[in-house]
Amino acid sequence: MMFRAIALTSILLLTACGSKSDKADKADKVDKPAVKPKAPITAALFGKTVAPPGVLGTLKRGMPSTEAEKALNDANEKSEIEGVHWWMGLPKDGKLDDILVEFPAAKKGVVAEAWGAGQATDRGGHPVTVWFNPETGIRAALDDDGKEATLRFEQYTPLKKLLGEGPAIAALSKPIVGLTQAELGKAYPELADKDGHLWLPSTEWEFGSGTPVSPYPLEGPIESVAFSIPYKKGDDASKAEVLATLEAKWGKVKEKDPVDAKNLIYNSANPRIEVYEDSYSRNTLNVRLSEPAPKAKKK
């Protein structure tokens, strides 16, 4: 009798436990929301205009990098698109500079689907495809390592805008000849770095931090300054486009330097504009700006 009581008690306990477990399982199924699958990346993410997509479009260059980092981290945590990650480049003086979006390399074709084919070129020894928005001064450069694709957004200044209208170069329109290097830096504080050296903004095919302005001579009063205009590496059509932009501003070549026929003089009046091939680079034209050469005195 005692055995039957113990057995019956055990059965009741097992039944109760089984019932509780079933309820817990059902509660788990009810309480845990279903995980929403992430959407695949498509051309819709990038839109039809070359511009930073998603959270990148809400960021402003020059904003504190800590604020930008927080916004990017929040966006990555809430991302609803499969494989998309938002990043930023190295800050400059604690401020936001370049911005990037990373996604699977297998999906890189969606960028061309959104913006067209783009232009293939070389950047630091790596093949990239670039797109330009001359109205906003935004350049997008796409590369990949076979696994991940990275689309980087950078500021650039169209060459036409850098040169501007009229005979003077818009970006270097203040007097230069006769100044010292120190005075030159003070005359152009918006272009000067912390050491007083001048840097023009990057044009279409400049992928560095800017274009240095080289004064001559280095000591004493400046007689001329020079800067480079890169064109697409190994592309004669890109070079011709740069030359066409120079011709549209100053007209056809007026003369060739009698000392070096490779130096093309586009403007002999003030300012004197000479253009010559860079001896160290195969994809760069240099522009030298000075005052007109003094006329020979009649004897």
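Atoms considered below: every heavy atom in the structure, side chains included; atoms not considered: hydrogens, waters and symmetry mates. Computed from a prediction, not measured in an experiment: that's the story for all the values here.
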Could you pull out the closest heavy-atom pair between [X] and [Y], with the gap in Å?
| X | Y | result |
| --- | --- | --- |
| Leu289 | Leu172 | CD1-O, 4.3 Å |
| Ser202 | Ser209 | OG-C, 4.1 Å |
| Thr136 | Gln155 | O-NE2, 4.0 Å |
| Gln119 | Lys232 | OE1-NZ, 3.3 Å |
| Leu200 | Ala171 | CD2-CB, 3.7 Å |
| Pro221 | Gly178 | CB-O, 3.8 Å |

Rounded to the nearest 0.5 Å, what separates atom [atom1] in [X] from atom [atom2] in [Y]?
| X | Y | atom1 | atom2 | result |
| --- | --- | --- | --- | --- |
| Met88 | Asp97 | CE | CG | 10.5 Å |
| Lys233 | Asp122 | NZ | CG | 4.5 Å |
| Arg288 | Leu264 | CZ | CG | 11.5 Å |
| Thr157 | Glu206 | OG1 | CD | 11.5 Å |
| Arg123 | Arg152 | CZ | CZ | 5.5 Å |
| Lys161 | Glu135 | NZ | CD | 11.0 Å |

For the residue pair [X] and [Y], establish whether any side-chain heavy-atom pair is separated by less than 4.5 Å.
| X | Y | result |
| --- | --- | --- |
| Glu102 | Glu148 | yes |
| Tyr156 | Leu162 | no |
| Glu223 | Pro217 | yes |
| Tyr231 | Leu243 | no |
| Pro271 | Ile169 | no |

Side-chain polar contacts of residues 68-78 - donor-acceptor pairs under 3.5 angstrom, sequence neighbours left out - could you list them?
unit_1	atom_1	unit_2	atom_2	d
Lys70	NZ	Asp74	OD2	3.1
Asn73	ND2	Glu69	O	3.4
Asn76	OD1	Trp86	N	2.8
Asn76	ND2	Leu72	O	3.3
Asn76	ND2	Trp86	O	3.1

Membership question, hydrophobic clusters at under 4.5 Å side-chain separation (ILVMFWY): are [Y] and [X] in the same one?
| X | Y | value |
| --- | --- | --- |
| Tyr216 | Ile229 | no |
| Trp115 | Ile41 | yes |
| Val225 | Ile273 | yes |
| Leu246 | Tyr276 | no |
| Val177 | Ile222 | no |

- Message: Quick check on side-chain contact (heavy atoms from CB on, under 4.5 Å): which of Leu198, Thr203, Thr211, Asn286 does Phe227 satisfy it with?
- Response: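 Looking at Leu198, Thr203, Thr211, Asn286, the match for Phe227 under the side-chain contact (heavy atoms from CB on, under 4.5 Å) is Thr211.
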A quick test of your reading: do over 12 heavy atoms of other residues, nucleotides or ligands sit less than 6.0 Å from [atom1] of [X]?
| X | atom1 | answer |
| --- | --- | --- |
| Asp93 | CG | no |
| Glu241 | CD | no |
| Lys254 | NZ | yes |
| Asp145 | CG | yes |

- What residue among Thr150, Thr129, Asp143, Asp144 forms side chain to side chain donor-acceptor pair (under 3.5 Å) with Lys108?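 The residue from Thr150, Thr129, Asp143, Asp144 that satisfies side chain to side chain donor-acceptor pair (under 3.5 Å) with Lys108 turns out to be Asp144.
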- Message: Quick check against the 3.5 Å criterion: does Lys147 have a side-chain atom that pairs as donor or acceptor with the backbone of Ala105?
- Response: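 Answer holds: no.
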- Should Lys60 and Glu67 be marked as a salt bridge (Lys or Arg N to Asp or Glu O under 4.0 Å) after you check the CA-CA gap, both sets of side-chain angles, and the distance that decides it? CA-CA 10 Å; Lys60 302 295 182 184; Glu67 291 182 17; over 6 Å; no
- Message: Applying ring pair (Phe, Tyr, Trp, His ring centres under 6.0 Å) as the test, list every pair that has at least one member in residues 165-211; sequence neighbours left out.
- Response: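 The answer is Phe132-Trp205.
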- Task: Sort and list the pairs that fulfil ring pair (Phe, Tyr, Trp, His ring centres under 6.0 Å) and have at least one residue in residues 93-112, not counting sequence neighbours.
- Result: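 Only Phe46-Phe103 qualify under ring pair (Phe, Tyr, Trp, His ring centres under 6.0 Å).
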